[in-house]
Amino acid sequence: MKLLEGKTALITGASRGIGKEIALKFAAQGANIAFSDLAYDDNAKSLEAEIEALGLKAKGYASDASSFDGGEALINAVMDEFGRIDILVNNAGITRDNLLMRMTEADWDLVIKVNLKSVFNLTKAVQKVMLKQRSGSIINMSSVVGVNGNAGQSNYSASKAGLIGFTKSIAQELGSRNVRCNAIAPGFIETDMTAKLPEDVKKEWIKTIPLRRSGQAEDVANIAIFLASDLSGYVTGQVISVCGGMSM
Ligand code: NAD
């Protein structure tokens, strides 16, 4: 028996990067996969095809996670198509890095809206489904930067720290109905998001990581499988760092 057999997962921001890897790893464990991203493009279509080839159900949705009404519409559409949602991964996220001195109000607002408000939107919309099912696992993608802070990323850090407080509160609100809520705090993971960092910055970061390497999307997806599955049935309100020891 695979770890996620018979379960349906919804993953936001999954056309590439960590979200895509989580979709593929969940499917390899037997889950049907609904996923969203800003556009339903060729990346989304090929992800759908890759999952369907495993004999599972897969559907991509164009949906802006930062829109409150969009979140509600997405949950309703997934319920119409799949009939249940066992796992929600709030993965969509962006950076707009700058020192506070140079950070614009627009860059502050956008990062908070996409990284933090999106998690409120989707969690609020999915809670009625999970409460009715009397089971569910919500996984929020935080960051070591949300735990430790980082110069030049005050907007991103605030959004990812806010998400940790949200995770712990929701774990307390929904725990009695067997709905769990946890966060993952990845360190430096090689994706398009980190590809834009200068090489010298990356080299310096790697020197500070006890395992002396950057992480891969797969490293994060493996922890997501644990939190999504019944293996973590007694785990809620936790933040699990996947960072090669960067944050202790
Ligand atoms: P990525 O940029 O490769 O992928 C992010 C995906 O989210 C993209 O497909 C993008 O289109 C989508 N997205 C952006 N805004 C959206 C919106 N409003 N609605 C729906 N989809 C949206 O990034 P990644 O590295 O795969 O990061 C995934 C998550 O992990 C993010 O929340 C990020 O903050 C977090 N994270 C990443 C790292 C890292 O080192 N890569 C470290 C810590 C945390």
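As the structure is a prediction and not an experimental result, all values here were calculated from the model. In each ligand, atom 1 is the first atom listed, and ligand 1 is the first ligand listed.
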Which residues pass the ring-ring contact (aromatic ring centres under 6.0 Å, His included) test with Tyr40, not counting sequence neighbours?
none

Asp97 side, atom CG; Gln153 side, atom CD - distance, nearest 0.5 Å
4.0 Å

Roughly how far apart are Asp86 CG and Ser229 OG, rounded to 0.5 Å?
12.0 Å

Flag if over 12 foreign heavy atoms under 6.0 Å of CZ, Arg212
yes

Please check if the side chain of Gln133 supplies one atom and the backbone of Ile85 the other of a donor-acceptor pair under 3.5 Å.
yes

If you measure from the Lys or Arg side-chain nitrogens to the Asp or Glu carboxylate oxygens, is any gap between Lys59 and Glu48 under 4.0 Å?
no

Within the 4.0 Å heavy-atom cut-off around ligand 1, the contacting residues, ordered by chain and number, are Gly13, Arg16, Gly17, Ile18, Asp37, Leu38, Ser63, Asp64, Ala65, Asn91, Ala92, Gly93, Ile94, Val114, Met141, Ser142, Ser143, Tyr156, Lys160, Pro186, Gly187, Phe188, Ile189, Thr191, Asp192, Met193, Thr194

